[in-house]
Asks: 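Dropping a structure here in structure tokens format, bear with me for questions.
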Amino acid sequence: MHLTRLGPEMLYVARDTGQIAFNYYRFDVNDTTGDLDANRAVSFRLTPNMVELVSRIGVVGPFTSAIIAASRCAVQPQFCLNGVLKTILCDEIIAWHKRQNEESGQTRGELDNDTLIKMVNQAAAAVMGRLQGFAQLEGGESKVNRHVAAASHVDNLCRMDPAWHPWL
């Protein structure tokens, strides 16, 4: 969904219930163009320990099905998620524009409404397109299967942030 990578220091663990939550949502915005950046090999890591815990059948069956079901739930009433995304992405793009002005040391002026609306619509369409790709089944296959395979591939696991390694 083009979200930034989150580290373990951003986890909130409730002491009374043990619930784990992230309250930090930011999107990867390209510093030069302002578009969403999707240059990650995979969007999550599925380590051998997790595969061993869940079992290979659990990964291929319930885990993959749960991702497909969750993405279908997110895209079915299309107006709900799209409206929320546009609100969040509007703030992200305005913040990106302000950062660009501060870094360049010159004032480019304000971002005009037409450009802002165009950039927000493009970013929201990219996120919704990725979710709709996860929600669709093409001849019994889904993009989720490719993402799960990439997430458990050793070459992609070696790119994992060291903060997530098991010894921490």
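Since we're looking at a predicted model, the values are computed, not measured.
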Asks: If you measure from CD1 on I68 to CG on N145, what distance do you get to the nearest 0.5 Å?
Replies: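 It is 6.0 Å, given to the nearest 0.5 Å.
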Asks: Could you pull out all residues at least two apart from C90 that satisfy side chain to side chain contact (heavy atoms under 4.5 Å, CB included)?
Replies: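 Partners of C90 under the side chain to side chain contact (heavy atoms under 4.5 Å, CB included) test: I94, L116, V120.
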Asks: Does a side-chain heavy-atom distance below 4.5 Å link V148 with F63?
Replies: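 Side-chain contact under 4.5 Å: yes.
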Asks: Let me confirm one number: the CE-CG distance from M128 to L81, rounded to the nearest 0.5 Å.
Replies: 5.0 Å
Asks: For residues V13 and Q19, determine if any side-chain heavy atom of one lies less than 4.5 Å from a side-chain heavy atom of the other.
Replies: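 In short, these two side chains do not touch, never coming nearer than 4.5 Å.
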Asks: Search all heavy atoms of K86 against all heavy atoms of A124 and return the closest pair with its distance.
Replies: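 Shortest heavy-atom contact: CG-CB, 3.9 Å.
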Asks: Given side chains that start at C-beta, do those of F134 and H147 come closer than 4.5 Å, heavy atoms only?
Replies: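 When only atoms from C-beta onward are counted, H147 and F134 do touch, with a gap below 4.5 Å.
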Asks: So do T115 and M119 actually touch side chain to side chain, heavy atoms under 4.5 Å?
Replies: yes
Asks: Any sub-3.5 Å donor-acceptor pair from T64's side-chain atoms to G61's backbone N or O?
Replies: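 No, T64 side chain to G61 backbone: no donor-acceptor pair under 3.5 Å.
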Asks: Could you pull out the closest heavy-atom pair between N156 and A150, with the gap in Å?
Replies: ND2-O, 2.7 Å
Asks: Please round to the nearest 0.5 Å and tell me the distance separating atom CD1 of I117 and atom CD1 of I93.
Replies: 11.0 Å
Asks: Are the side chains of Q100 and W96 in touch, meaning some heavy atoms are under 4.5 Å apart?
Replies: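 Result yes, sub-4.5 Å side-chain heavy-atom pair found.
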Asks: Nearest 0.5 angstrom please: K143 NZ to L131 CG, how far?
Replies: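 If we round to the nearest 0.5 Å, K143:NZ and L131:CG are 11.0 Å apart.
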Asks: Are V60 and L46 connected in the hydrophobic side-chain network, where two residues link if heavy atoms are under 4.5 Å apart?
Replies: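 No.
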Asks: About how many Å separate CD of E102 and NE2 of H97, when rounded to the nearest 0.5 Å?
Replies: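 It is 10.5 Å, given to the nearest 0.5 Å.
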Asks: Mind checking the NZ-CG spacing from K118 to D112? Nearest 0.5 Å is all I need.
Replies: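 It is 10.5 Å, given to the nearest 0.5 Å.
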Asks: Please name the pair of heavy atoms, one in A135 and one in R72, separated by the smallest distance, quoted to 0.1 Å.
Replies: O-NE, 2.8 Å
